Amino acid sequence: MSATTTTVDAIADCVGRQVAIRGWLHRQRSSGKIHFLTLRDGTGFIQAVVSRAAVGVETFTRADHLGQETSLIVEGTVRKDARAPGGYEIDVSALEIVGESRDYPITPKEHGVDYLLDRRHLWIRSRRQAAILRVRHEVINGIRDFLNDQGFILADTPIFTPAACEGTTTLFAVPYFDHATAYLTQSGQLYNEANAMALGRVYCFGPTFRAEKSKTRRHLTEFWMVEPEMAYATLDDATDLAEALVVSIVERVLDRRRRELEVLERDTAPLERVRSPFARIAYDEAVEILQSRGLPFEWGGDFGGPDETALAEHFDRPVAVQRFPAAIKAFYMKPDADRPELSLSVDVLAPEGYGEIVGGGERLDDYELLLDRIRQHDLPREAFEWYLDLRRYGSVPHAGFGMGVERVVAWLCGLEHIRETIPYPRMLYRLTP
RNA sequence: UCCUCAGUAGCUCAAUUGGCAGAGCAUCCGGCUGUUAACCGGAGGGUUGCUGGUUCGAGUCCAGCCUGAGGAGCCA
C-alpha cells in the first residue's frame, strides 16, 4: 500500500500524492457512472470522486449504497479542483467500509430543536456544530494561554461545596454519603480569594451549576466559568484585566478560527471592532442611558436582558459598567469609600444583545465590615470562619471576576441560543443525552 | 411558578366553513460521467400527543392532562 494516511486539514500539502483518509460519509451524490462522496474526518470535509472506470464495478456498486455517516477509509490521489467544495478532491482508487450506517436520523433537510437536542450526540457531527465546538476550544485555550502568560496560576476550587452560603434555592443539592448534603458549586470565588493570598494571581476554570429555573436563550444549568483573582488589586485592575482578556480572545478566534466563523456565516465586522479601550461607564450613567431610551428602569435595579441589550447598542464594542448598588451585588463586594451605597463592582456587557459576559470587582478586605455583611445577610458565621481568616491574617486589597465561556462563544459565533455552545447542554428540561 | 405559541408519515410541514389523510425530504427499486441540501421516474410508509365530550360526521370545536418552544420572574 503506497498511500499515506493523512487528514483533511493537511490535504493542501498532498496534491498529486496517493493518500488514505479515514472518516465518515457526510453526504453522497450519484450520477450514473460517477459518485461524489463528501467525507468528514473531524478535521474537515473533502469530496471524494468514485468513478466506475477507476475502481471497477464491484467497488463502484458498493459505493452506491452507503448510508449517511458510514465510516470508511478511502485511498486515492489528491487533486486541486475548483469544482470541488473546499477546492481539493480525491480521485478514489480504493474504498474500505469500516462500519455501516443505516437510516441516520439527521438528514440534510431541516429538523426541529427538540429532535436535534434528543440526538445531540449525533448532531455534533454536523458541520455547523463542529465549527462551534472548535471555536469553543479556541476560546478556552485562549483564556488559558492569556492568563498563564500574565503569570496567573491555575488553582482549582471544589465542585462539591459544604454549606449553603446564600440560600439553597439556586444550588443543586446532592447527598454526600449518609452524613451530609453537598452543593454543586455556583462559583469558585471564595476559595479563589484564599488561593490569591497564597499565590498572588490565580484562576479557577471549571463547570459551575445554577439551579435557577431560567428558561431563556442565555441560560444553562451547567456552564463553564473562568475566574481570575488578584492580590493587591483594585476595581480598575480587574476591569483592565477583563478588557485585555476579552480583546485577546476575540483576536485569537479571528486569527485562528476564521474558517469556522465562515461556516457559521458570522459577520466578523463587529468582532474586528473589539479593541481597547472599552467604554467604562458608571452604573449611574447606565441608568441615564436606559431612561433616555425610554426604558422603564429605575435606579437601584439590576439589568434585565432587554436593558443589557439597549445599553450595549449604545457602544460599538463591549462596555464595562462599574459601581452597581451594593444591595444588588454579593455580600463580599467592597463598598465605594465615597458612596457606601455603591459597590466596587464591574460587569462587562457584550455587543449585539449577548448580555453580561463578565462580572466581578474588588472584594471586601476589612474584617469588621465583612463580619457585618455576613450578619446582615443572615449567613451562618461558622461556615465563613475560614473566609474571615483571610482578613485576619494579612488582608490586602484584592479583585477579580468571572467570565462565562458559553456566553462568549455564543457571542463570537453569533448564535441564537447558548445551547449550541457546549457539547451536551444542561437546561431546565434537558438532562439527556 | 406565570404568559404566549406549538404537537399530523422517520424528519420538516400542508389540509378551505366540521365533510375522501397530503407534499417535499429520508428509506427501498430504477435512470443519469461533474454533482454542490444534485436531478428524473416508481414503491412502501398514518393510534393526527393522551383522555373524555359535542356532532350524522372531529386533524379541525369544547374540557382536562402530557410534551416542547419563546419570553417573564429568577439569575454573586
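Chain letters run A, B, ... following the sequence lines, proteins first and then strands; every chain starts at 1. Being a predicted model, the structure only gives us computed values, none of them experimental.
- Between A/S51 and A/T216, the residue whose closest nucleotide on RNA chain B is further toward the 5' end is A/S51.
- Nucleic acid contact for A/Q47: base, since at least one base atom lies under 4.0 Å from a heavy atom of the residue.
- Taking a pair as Watson-Crick or G-U wobble with both distances under 3.5 Å, RNA chain B forms stems of 3 or more consecutive pairs at B:1-7 with B:66-72, B:10-13 with B:22-25, B:27-31 with B:39-43, B:49-53 with B:61-65.
- Residues of residues 22-36 of chain A having a heavy atom closer than 4.0 Å to RNA chain B, listed by number: A/R27, A/R29, A/S30, A/S31, A/G32, A/K33, A/I34, A/F36.
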Whether each nucleotide of nucleotides 5-14 of chain B has a protein heavy atom under 4.0 Å at its base (B), only at its sugar-phosphate (S) or at neither (-) is summarised, 5' to 3', as -----SSS--

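- Comment: A/D41 does not engage A/R22 in a salt bridge, judged by the lack of any side-chain N to carboxylate O separation of less than 4.0 angstrom.
- A heavy-atom distance below 4.0 Å to RNA chain B is reached by these residues of residues 413-433 of chain A, ordered by number: A/H417, A/R419, A/Y429.
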Pairs: protein N or O with nucleotides 45-50 of chain B N or O, under 3.5 Å:
none

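- Using a 4.0 Å cutoff on non-hydrogen atoms, the parts of residues 77-86 of chain A near RNA chain B are A/R79, A/D81, A/R83, A/A84, A/P85, ordered by number.
- For the C1' atoms, the distance linking B/rG44 with B/rG30 amounts to 15 Å, nearest Å.
- Legend: residues meeting salt bridge (Lys or Arg N to Asp or Glu O under 4.0 Å) with A/R27, ordered by chain and number and at least two apart, are absent.
- Side-chain contact, A/Y203 with A/E227: no donor N or O sits under 3.5 Å from an acceptor N or O.
- Using a cut-off of 4.0 Å between Lys/Arg side-chain N and Asp/Glu carboxylate O, A/R128 and A/E420 are scored as salt-bridged.
- Judged purely by distance below 3.5 Å, without hydrogens or angles, the side chains of A/D9 and A/T7 pair a donor atom with an acceptor atom.
- Which of B/rC75, B/rA76, B/rU33 sits closest to the side chain of A/Q189 comes down to B/rA76.
- Ion pair A/R323/A/D338 not flagged as a salt bridge, since none of the NZ, NE, NH1 or NH2 atoms sits closer than 4.0 Å to an Asp/Glu carboxylate oxygen.
- Annotation: ring pair (Phe, Tyr, Trp, His ring centres under 6.0 Å) contacts involving residues 86-125 of chain A, sequence neighbours excluded, comprise A/H111-A/Y115.
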Using the 3.5 Å cut-off, write out each protein N or O paired with an N or O of nucleotides 27-30 of chain B and the distance between them.
| from | atom 1 | to | atom 2 | distance (Å) |
| --- | --- | --- | --- | --- |
| B/rC28 | OP1 | A/R102 | NH1 | 3.2 |

With a cut-off of 3.5 Å and sequence neighbours excluded, list every side-chain donor-acceptor pair involving residues 56-64 of chain A.
| from | atom 1 | to | atom 2 | distance (Å) |
| --- | --- | --- | --- | --- |
| A/E58 | OE2 | A/R62 | NE | 3.4 |
| A/T61 | OG1 | A/V57 | O | 2.7 |
| A/D64 | OD1 | A/S30 | OG | 3.4 |

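- A donor N or O paired with an acceptor N or O is found under 3.5 Å between the base of B/rG34 and the side-chain atoms of A/E89.
- Considering only residues two or more places apart in sequence or on other chains, A/R258 meets the salt bridge (Lys or Arg N to Asp or Glu O under 4.0 Å) condition with A/E272.
- For A/R218, whose side chain is taken as the heavy atoms from C-beta onward, the closest listed nucleotide among B/rA76, B/rG34, B/rC74 is B/rC74.
- A/T38 and A/Q28 share no donor-acceptor pair across their side chains, judged by distance under 3.5 Å alone.
- Shown here are the side chain to side chain contact (heavy atoms under 4.5 Å, CB included) partners of A/A130, two or more places apart in sequence or in another chain: A/R134.
- Side-chain atoms of A/K215 and base atoms of B/rG70 include a donor and an acceptor less than 3.5 Å apart.
- Closest heavy-atom contact between A/D156 and A/N195: O-ND2, 4.3 Å.
- Here the separation of B/rG45 from B/rG53, taken at their P atoms, is 31 Å to the nearest Å.
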